[in-house]
Amino acid sequence: LNAPKLFDLSGRVAFVTGAGSGIGQRIALGLAQCGADVACLDRRTDTGLADTVGMIEGAGRKAIAISADVTNRASMDEAVARTEKELGALGIAVNSAGIANANPAEEMSEEQYQTLMDINMKGVFFSCQAEANAMLKHGKGAIINIASMSGVIVNRGLSQVHYNASKAGVIHMSKSMAMEWVDRGVRVNSISPGYTATPMNTRPEMVHQTREFEAQTPMQRMATVDEMVGPAVFLASDASSFCTGVDLLVDGGFCCW
Ligand code: NAD
């Protein structure tokens, strides 16, 4: 066994949703830095997708930018087909596209509930369906869904019943698909980040709240996006060949307290 080679992604093709910002953007670059060519998908091309592609090309790998909405099943099938046509057989997928917002449960409108559920849960499901339909044909693949510690605990002081439920759904959906595909070479795992410094959390109006997030976290700080790369590379690579249906908490100890 050549241990360092376990994390080598040379020759692999990856597909990352939500790659225009935050965690998805950093993981897309991290996969490329480990050798993968990467298809980068986001719903808007002006949210940083061009930057992601530029950074990956700067790292010496191929990248394509795909503008699509994860809630549109046909678009996700098309996106995966384009990835395989332009980059080769799909081997790795990271589903990071998601939104967050808050409102007291008793006041939340159907629209607010439904829009978030559509993106955070149905979007992850459609992404996995499209990705697995390609991977099952090859008999090999690793899918990583970005869930959240909010799928495990309830964030103190945040009224976001729909978000918390969507992330619990992503964790269990990942385990369910992992078991459906376990005998056909496709692994499905999730990563559950704790509070992470991304545009989702670093808006000016969040300054007070992010201080509280830091104080509540046993490590006394938020994660950087860099700290999501190692867990993602682990789950994408042969280093995790016996892991499927796992939810990997990357939360600075949050869920221990
Ligand atoms: P972000 O806002 O920086 O990035 C999310 C990206 O997803 C954006 O580029 C956005 O355009 C894209 N996106 C949103 N809806 C989409 C859609 N319908 N179709 C295609 N793309 C879409 O946020 P982030 O912090 O990087 O979050 C990434 C994931 O990590 C999310 O699923 C989020 O819930 C999860 N997460 C974040 C934190 C945190 O503290 N930042 C903690 C736990 C989990």
Side-chain angles (χ1 to χ4, degrees), residues 15-30 39-53 65-76 78-80 93-102 114-128 130 144-155 158 160 162-171 173-174 190-203 206 209-210 212-214 216-217 219 221-229 231-232 247-252 254-255:
F15 177 84
V16 180
T17 75
S21 177
I23 293 170
Q25 182 177 58
R26 187 63 191 89
I27 288 176
L29 176 59
C40 303
L41 180 144
D42 211 291
R43 66 176 156 185
R44 285 164 43 192
T45 43
D46 62 353
T47 51
L49 211 51
D51 294 343
T52 315
V53 167
I66 302 175
S67 174
D69 192 313
V70 293
T71 63
N72 185 322
R73 171 71 212 270
S75 300
M76 296 312 290
E78 273 168 37
V80 169
V94 178
N95 299 314
S96 187
I99 59 165
N101 52 53
Q114 194 61 53
T115 302
L116 185 138
M117 281 294 182
D118 279 350
I119 296 172
N120 288 13
M121 254 187 80
K122 198 169 75 176
V124 170
F125 181 58
F126 285 170
S127 302
C128 290
I144 299 142
N145 293 323
I146 307 301
S148 170
M149 69 174 181
S150 307
V152 181
I153 50 91
V154 174
N155 308 60
L158 284 184
Q160 49 176 25
H162 56 339
Y163 182 83
N164 298 346
S166 76
K167 294 303 185 176
V170 168
I171 293 168
M173 199 158 68
S174 303
S190 55
I191 292 175
S192 280
Y195 294 117
T196 307
T198 74
M200 197 177 262
N201 283 326
T202 45
R203 286 164 284 145
M206 301 279 287
Q209 207 164 22
T210 51
E212 270 186 32
F213 292 164
E214 287 169 350
Q216 288 172 4
T217 302
M219 283 194 184
R221 61 179 181 84
M222 297 209 284
T224 67
V225 288
D226 289 352
E227 291 175 299
M228 298 301 148
V229 173
D247 180 50
L248 181 52
L249 274 165
V250 186
D251 67 351
F254 198 98
C255 293

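Note that the structure is a prediction, hence the values are computed from the model and not measured. Counting starts at 1 for both ligands and their atoms, following the listed order.
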**Q** To which protein heavy atom is atom 36 (N) of ligand 1 closest, and what is the distance rounded to 0.1 Å?
**A**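 In this structure, atom 36 (N) of ligand 1 has Tyr163 OH, 3.6 Å as its nearest protein heavy atom.
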**Q** Identify, with sequence neighbours excluded, every residue that meets side-chain hydrogen bond (donor to acceptor under 3.5 Å, both in side chains) alongside Ser174.
**A** Asn145
**Q** For ligand 1, note which part of Thr196 has a heavy atom under 4.0 Å away: side chain, backbone, both or neither.
**A**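 It is both parts that get close, each with some atom under 4.0 Å.
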**Q** Counting only heavy atoms, tell me which of Ala97, Ser150, Gly123, Ala147 gets closest to atom 7 (O) of ligand 1.
**A**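 It is Ala97 that holds the nearest heavy atom.
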**Q** Which is it for Arg43 and Val70 under the side-chain contact (heavy atoms from CB on, under 4.5 Å) test, yes or no, and what are the steps along the way?
**A** CA-CA 8 Å; Arg43 66 176 156 185; Val70 293; over 6 Å; no
**Q** What is the closest protein heavy atom to atom 42 (C) of ligand 1, and at what distance does it sit?
**A**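 Residue, atom and distance for the closest contact: Gly194 O, 3.3 Å.
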**Q** Hey, does the side chain of Asp118 reach the backbone of Gly123 with a donor-acceptor pair shorter than 3.5 angstrom?
**A**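 Such a contact is absent between Asp118 side chain and Gly123 backbone.
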**Q** At less than 4.0 angstrom from any non-hydrogen atom of Asp69, what atoms of ligand 1 do you find?
**A**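 Listed by number with element, the hits are 17 (C), 18 (N), 19 (N).
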**Q** Heavy-atom distances under 4.0 Å decide this one: backbone, side chain, both or neither, for Lys167 against ligand 1?
**A** side chain
**Q** Do Glu212 and Tyr195 make a side-chain contact, defined as non-hydrogen atoms from C-beta onward lying under 4.5 Å apart?
**A** no
**Q** What residue and atom, counting heavy atoms only, is the protein's closest point to atom 9 (O) of ligand 1, and at what distance?
**A**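 Heavy-atom neighbour on the protein nearest atom 9 (O) of ligand 1: Asp42 OD2, 2.6 Å.
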**Q** Indicate yes or no for a side-chain donor-acceptor contact from Thr196 to the backbone of Gly194 under 3.5 Å, with no hydrogens or angles considered.
**A** yes
**Q** Can you figure out which of Arg43, Gln25, Arg26 has its heavy atom closest to atom 20 (C) of ligand 1?
**A** Arg43
**Q** Go through the structure and list residues passing side-chain hydrogen bond (donor to acceptor under 3.5 Å, both in side chains) with Gln216, not counting sequence neighbours.
**A** none
**Q** I'd like the name of whichever of Ser96, Ala19, Gly98 reaches closest to atom 29 (C) of ligand 1 through any heavy atom.
**A**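 Nearest option to atom 29 (C) of ligand 1, by heavy atoms: Ser96.
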**Q** Could you check which of Arg203, Met200, Met76, Met228 puts a non-hydrogen atom nearest to atom 2 (O) of ligand 1?
**A**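 Looking at heavy atoms only, the winner is Met200.
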**Q** Can you tell me the protein heavy atom closest to atom 1 (P) of ligand 1 and the distance?
**A** Ser21 OG, 3.6 Å
**Q** Report the nearest protein non-hydrogen atom to atom 40 (O) of ligand 1: residue, atom name, distance rounded to 0.1 Å.
**A**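 For this ligand atom, the closest protein heavy atom is Asn201 ND2, 2.5 Å.
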